[in-house]
Amino acid sequence: LYELAGAPILDYHAVEQGGKIVGTATPWQEAEKANWKNPDELKNASEFFAVHAWLNNRDAIGAGSENPMDNQRWVNGHMTTMDAGGALMFGGMGGTKDFAGDASEWDSLRDPKKNKSTAAVFGHMTGEQLYASAQLLKKIQPADVEGLVDEFAGEGLAGHDKQKIVATLLARRDAILAKAEQFNPKKKVNGHIDGNTGLYTEDEVGNSAEHDAKMEAADAALATPNLV
């Protein structure tokens, strides 16, 4: 699914033992740590924000003690997701999590009160960047999603049958595209910064100059913290 959206990810394959799949593995790759103090690297990682939100990957940047801020690395010149184990209905440290069609991760992955590690990278994104990232999902076709789910999860996953997985993925795609439309650069809009989350929300037709000023204020409010 990451590859379908054009987002770099390691090449996973199943590991079999005794005729049963016991895990996954990837070919060895040289991977360079990301420098999250570098604005250019933040911008590069942000290109694929919408894909992480679509796939419900709350561990896209890396949280906890296992790999803090280390789930994105440079591989062959591309910012690459190293471990997608926290995507869909799975938790990064095991177990399951909500996998709903409303794609609330579009907001929560940028909210430091809900996800500190992802917000440190994605919280700085401008409306223009958010809109551009979401456009990656426009090429996602139902038949392609159905084919991948049938191939890799034909018997279902974690209590979700095949049809439900496909329906949820397509609903999440549509939800994100709808959320991103408010940042369409062809539109003139007004908006406000939410006092609780610090997220910029556009709400009605207005003046483009006012929009630009409010976007700058939003970026300042969401300035990336210094990371160790």
Side-chain angles (χ1 to χ4, degrees), residues 1-7 9 45-61 81 84 86-92 96-115 118-119 121-150 152-153 156-187 189-194 196-205 211 215 218 222:
L1 291 169
Y2 266 100
E3 291 176 345
L4 182 63
I9 191 169
S46 295
E47 291 179 17
F48 304 105
F49 163 72
V51 183
H52 300 306
W54 175 50
L55 296 178
N56 198 28
N57 193 354
R58 302 175 190 176
D59 200 27
I61 300 302
T81 298
L88 302 180
M89 69 288 295
F90 299 102
T96 60
K97 65 179 187 297
D98 293 338
F99 181 51
D102 62 354
S104 62
E105 288 72 24
W106 173 262
D107 293 318
S108 64
L109 292 185
R110 295 181 288 125
D111 185 349
K113 295 180 180 178
K114 295 182 177 180
N115 194 320
T118 56
V121 175
F122 303 133
H124 74 289
M125 292 177 69
T126 65
E128 181 180 359
Q129 289 174 317
L130 289 166
Y131 182 79
S133 182
Q135 301 318 291
L136 292 172
L137 303 185
K138 276 194 170 181
K139 63 184 177 183
I140 303 297
Q141 298 299 312
D144 295 327
V145 174
E146 291 170 3
L148 287 173
V149 172
D150 187 57
F152 295 104
L157 291 171
H160 294 249
D161 62 29
K162 178 175 68 176
Q163 289 76 16
K164 184 176 181 179
I165 296 171
V166 171
T168 302
L169 284 168
L170 294 177
R172 293 178 67 87
R173 177 204 62 180
D174 293 345
I176 288 173
L177 287 171
K179 293 172 191 283
E181 188 60 26
Q182 64 179 322
F183 299 112
N184 188 331
K186 295 181 180 180
K187 292 184 176 181
V189 292
N190 272 334
H192 65 280
I193 299 173
D194 189 297
N196 294 320
T197 66
L199 296 177
Y200 180 81
T201 301
E202 298 179 341
D203 44 30
E204 61 184 42
V205 175
H211 163 264
M215 283 304 304
L222 289 170

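We use all heavy atoms of the structure for the numbers below, so side chains are in, but hydrogens, waters and symmetry mates are not. For clarity, every value in this text was computed on a predicted model and none was experimentally measured.
In this structure, CD1 in Ile61 is found 4.0 Å from CZ in Phe122, a value given to the nearest 0.5 Å. Atom CD of Glu47 and atom CG of Leu136 lie 8.0 Å apart (nearest 0.5 Å). Note: Gln135 CD to Leu177 CG = 6.5 Å, rounded to the nearest 0.5 Å. The CG atom of Asp107 lies 12.5 Å from the CG atom of Asn115; values are rounded to the nearest 0.5 Å. Interatomic distance, Glu146 CD to Ile165 CD1, rounded to the nearest 0.5 Å: 12.5 Å.
A heavy-atom distance below 4.5 Å is found between the side chains of Leu130 and Trp106.
The minimum heavy-atom distance between Leu4 and Lys139, with the atom names listed, is O-CE, 3.7 Å. Closest non-hydrogen pair, Val121 versus Ala45, comes out as CG1-CB, 3.9 Å. For the pair Met125 and Gln129, the tightest heavy-atom approach, listed with the atom from each and the gap, is CA-OE1, 3.2 Å. Minimum interatomic distance between Ser46 and Ser133 (heavy atoms only, all atoms of both residues): O-OG, 3.7 Å. Shown here for Glu3 and Ile9, the closest heavy-atom pair between the two residues is CG-CG2, 3.8 Å. A pairwise comparison of heavy atoms in Ala134 and Ile176 identifies CB-CG2, 4.1 Å as the closest pair.
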Evaluation steps, side chain to side chain contact (heavy atoms under 4.5 Å, CB included), between Thr118 and Arg58: CA-CA 7 Å; Thr118 56; Arg58 302 175 190 176; over 6 Å; no

CA sep, side-chain torsions, deciding dist, call: Thr81, His52, side chain to side chain contact (heavy atoms under 4.5 Å, CB included): CA-CA 9 Å; Thr81 298; His52 300 306; 3.2 Å; yes

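Partners of Phe48 under the ring-ring contact (aromatic ring centres under 6.0 Å, His included) rule, at least two apart in sequence or in another chain, do not exist in this structure. For the ring-ring contact (aromatic ring centres under 6.0 Å, His included) test, no residue two or more places apart in sequence or in another chain qualifies with Tyr131.
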Residues 167-174, side-chain donor-acceptor partners within the protein, below 3.5 Å, at least two apart:
from   : atom 1 : to     : atom 2 : distance (Å)
Thr168 : OG1    : Lys164 : O      : 2.8
Arg172 : NE     : Trp54  : O      : 2.7
Arg172 : NH1    : Ala100 : O      : 2.6
Arg172 : NH1    : Glu105 : OE1    : 3.4
Arg172 : NH2    : Ala53  : O      : 2.6
Arg172 : NH2    : Glu105 : OE1    : 2.8
Arg173 : NH1    : Ile140 : O      : 2.7

